[in-house]
Amino acid sequence: MATAADYGHNSWELSIQVDQREGDEGMKFKLRVKGDLHIGGLMLKLVEKIKAPQDWSDHAIWWEKKSCWLLKTHWTLDKYGVQADADLRYTPQHKPLCIQLPNMKTVRLPVSFSCVVFKAVAEICKALNIRRSEELSLLKPPDDPKKKKKKDKGTESAFDDILNMDMAGGIYCSLGLYSKTMTPTYDPDSGSPASSTSLWFGENPLMACQPNLPPEELAKLFKPLTLEDKAAINAGWLDSSRSLMEQGIQENDRLLLRFKYHSFFDLNPKYDAVRITQLYEQARWAILLEEIDCTEEEMLMFASLQYHICKLTLSTEPLTNSNEPDIDEVEAALSNLEFTLEGRNPDKILEDITDIPKLEDTLKLFRPKRLTLKPYKEYWFVFRDTTISYYKNKESANKEPIEQLHLRGCEVIPDVNVTEKKFGLKLLLPAADGMNEVYIRYDNETQYAKWKAACILASKGKTMAYSSYRTERLLLNAECFVSPRYAKKYKTKQLTTRILEALHNISQLSLMEAKMRFIQAWQSLPEFGIKYYIVRFRGSKKDELLGISYNKLIRIDMSTGLPVTTWRFSNMKQWNVNWEIKQVTIDFDQSVSIAFSCQSCDCKVVHEYIGGYIFLSTRSKDQNETLREELFHKLTGGQD
């Protein structure tokens, strides 16, 4: 019971709601306090009254009415302005958040709701093994009131799976993704963790590219965007200098993690497998959903790269086999026998020869010789193991073949001209006097794809029983790799042939090289990295668009979409914000000055974009990777 002294003139009753567990509505407690009680003392008093054996170290006090955390534990209630009518909440600072990654997959992990978003994003990126967190931020999903509930359900179906990540002892253990004591390194070609780090990090599902959606699913997601629509989406970036809770974000809310600043520093395949993959995925979706314009030829080039990446992703060997040399068949057989005698169940190293598939087709063959113009000649071909045998006709297949082509160690070169409907392979076969050339012609792209896949495997000494044959002969569903608008414009066969034609230029690229090539091609598009905002320039009576890129500002006529004026950051002398009238003023060289107010968002969003790019331009490879958070806030922070 409270004593008479407790009810002095300076004491009063304070109500605090306590959240003990996730999803718990909490219980209310009342404490008798004085204005000179500091926040640390208040929390101690509260925990003593709760009498629950629990770790309270992550809890802090949240003031709902003022929308602020009371984190300065040495401040008193008087200094914070807390009085008897304040409704406080003692709640965990880390709460679960559903974060949609650039590859459209969602992870659910505990994130700090009390630190500023800049620091929370760094925490998220560290958990996911994404370097250079300053390039990313969190975006609110765009609201679309036009969508019906049924359609919403359909469009989300492809992305329903949520990957749960739990934090324990500093390690996100459900994925094995992050260790405080180790930096992961990756194979620069395949993107797999290097053997020295695979034990720590395992197979990271965030490194794998997602398969392309079926055309009908993609069509549901596709929505042509005007520049005004893009401006509305860009208004959803969270304020980096305020916490999630201060911006109305609640636990289990869904936010989008995206590369906000299109200035990608020090992309290194050795360390950035996840970063490069997620960057590729953001670029891929921007192309497929036409968030950025590209020409027909560029769309086909992007489609061929997607197809190549998709095929390589599906056919990538498991990490444990990636660096192993080919196992000698005799040694493998002895190893199998040893395991069997010991009663253990080995992984099957040798393929069951009774299950090795074969290919049979009527194909055309040509062997180039000097002073001969003989055309291709038709034969009956049988592909078994790593050898192609050909016969005069199908009926002769039970006799001795005319010739056998042993493909182990050969070079397989596409010989295709789609416009002429020519599908062929050039085989360079090892011989005592060098390499023998053989040309094989196929009737169509499906036949070509099957035989090419088998030839590539045979050249590596592997048969069609090898697990990757299915993915090597992945049949091309062309509509999956272009935007719905282009898919409607062409017939499937037309798209297929044109994508295959473009594929020949990039077919030798490794998985990581192909992703990097896609990112570089995306960066070369004229509209790359431009974010649009609706503004009104000083002295103007109409709304206009302001485009912000990594190196310039663009004034755009809203009715035509054409640029009016461009100002480069390199010519900028200073910029400031009048927070009372919400106006941004920027001074450039040669006494050029512009001022505008933001119509589609708070001017803090635009101010942060400009300051963010200035901050990124100060990075240097000589520096270590420690984030200079103070400089970022100095360049981007506002005065509310």
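Reckoned from all heavy atoms, side chains included, excluding hydrogens, waters and symmetry mates.
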Salt-bridge contact R367-E403 (side-chain N to carboxylate O under 4.0 Å): yes

Ion pair R498/E501, N-O distance below 4.0 Å: no

OH/Y550: more than 12 non-hydrogen atoms of other groups inside 6.0 Å: no

Is there side-chain contact between [X] and [Y], with at least one heavy-atom pair below 4.5 Å?
X	Y	value
L218	W285	yes
L256	L138	no
L503	P414	no

Derivation of the side chain to side chain donor-acceptor pair (under 3.5 Å) call for Q404 and S389: CA-CA 4 Å; Q404 285 190 323; S389 306; 3.2 Å; yes

Trace of the side chain to side chain donor-acceptor pair (under 3.5 Å) decision for E134 with Y261: CA-CA 8 Å; E134 66 272 17; Y261 300 103; over 6 Å; no

Within 45° cone of Y609 ring axis and under 6.0 Å: K260 NZ or CZ: yes

Quiz item: cation-pi between R132 and F265, 6.0 Å / 45°: no

R619, R275, R131 screened by salt bridge (Lys or Arg N to Asp or Glu O under 4.0 Å) with D266, the one that passes: R131

Side chains of [X] and [Y]: is there a donor and an acceptor less than 3.5 Å apart?
X	Y	answer
T618	R628	yes
Y490	E479	no
Q100	T106	no

Option passing side-chain contact (heavy atoms from CB on, under 4.5 Å) with L300 (candidates L305, T295, I499): I499

Member of I124, I162, I99 meeting the side-chain contact (heavy atoms from CB on, under 4.5 Å) criterion with V107: I99

All salt bridge (Lys or Arg N to Asp or Glu O under 4.0 Å) counterparts of E291, not counting sequence neighbours: none

Salt bridge (Lys or Arg N to Asp or Glu O under 4.0 Å) evaluation trace for E513 with K515: CA-CA 5 Å; E513 287 170 342; K515 290 177 186 176; over 6 Å; no

Intermediate values then yes/no, side chain to side chain contact (heavy atoms under 4.5 Å, CB included), N436 and L428: CA-CA 5 Å; N436 290 337; L428 296 178; over 6 Å; no

Side chain to side chain contact (heavy atoms under 4.5 Å, CB included) assessment of T386 paired with K462: CA-CA 7 Å; T386 60; K462 294 166 182 170; over 6 Å; no

Full working for side chain to side chain contact (heavy atoms under 4.5 Å, CB included) between D415 and Y439: CA-CA 8 Å; D415 178 31; Y439 290 81; 3.7 Å; yes

Evaluation steps, side chain to side chain contact (heavy atoms under 4.5 Å, CB included), between T362 and E378: CA-CA 7 Å; T362 299; E378 207 168 77; 3.3 Å; yes

Criterion side chain to side chain donor-acceptor pair (under 3.5 Å) on Y280 and Q282, from CA distance to verdict: CA-CA 6 Å; Y280 158 73; Q282 183 164 327; over 6 Å; no

Proximity of Y379 and Y390 rings by center, below 6.0 Å: yes

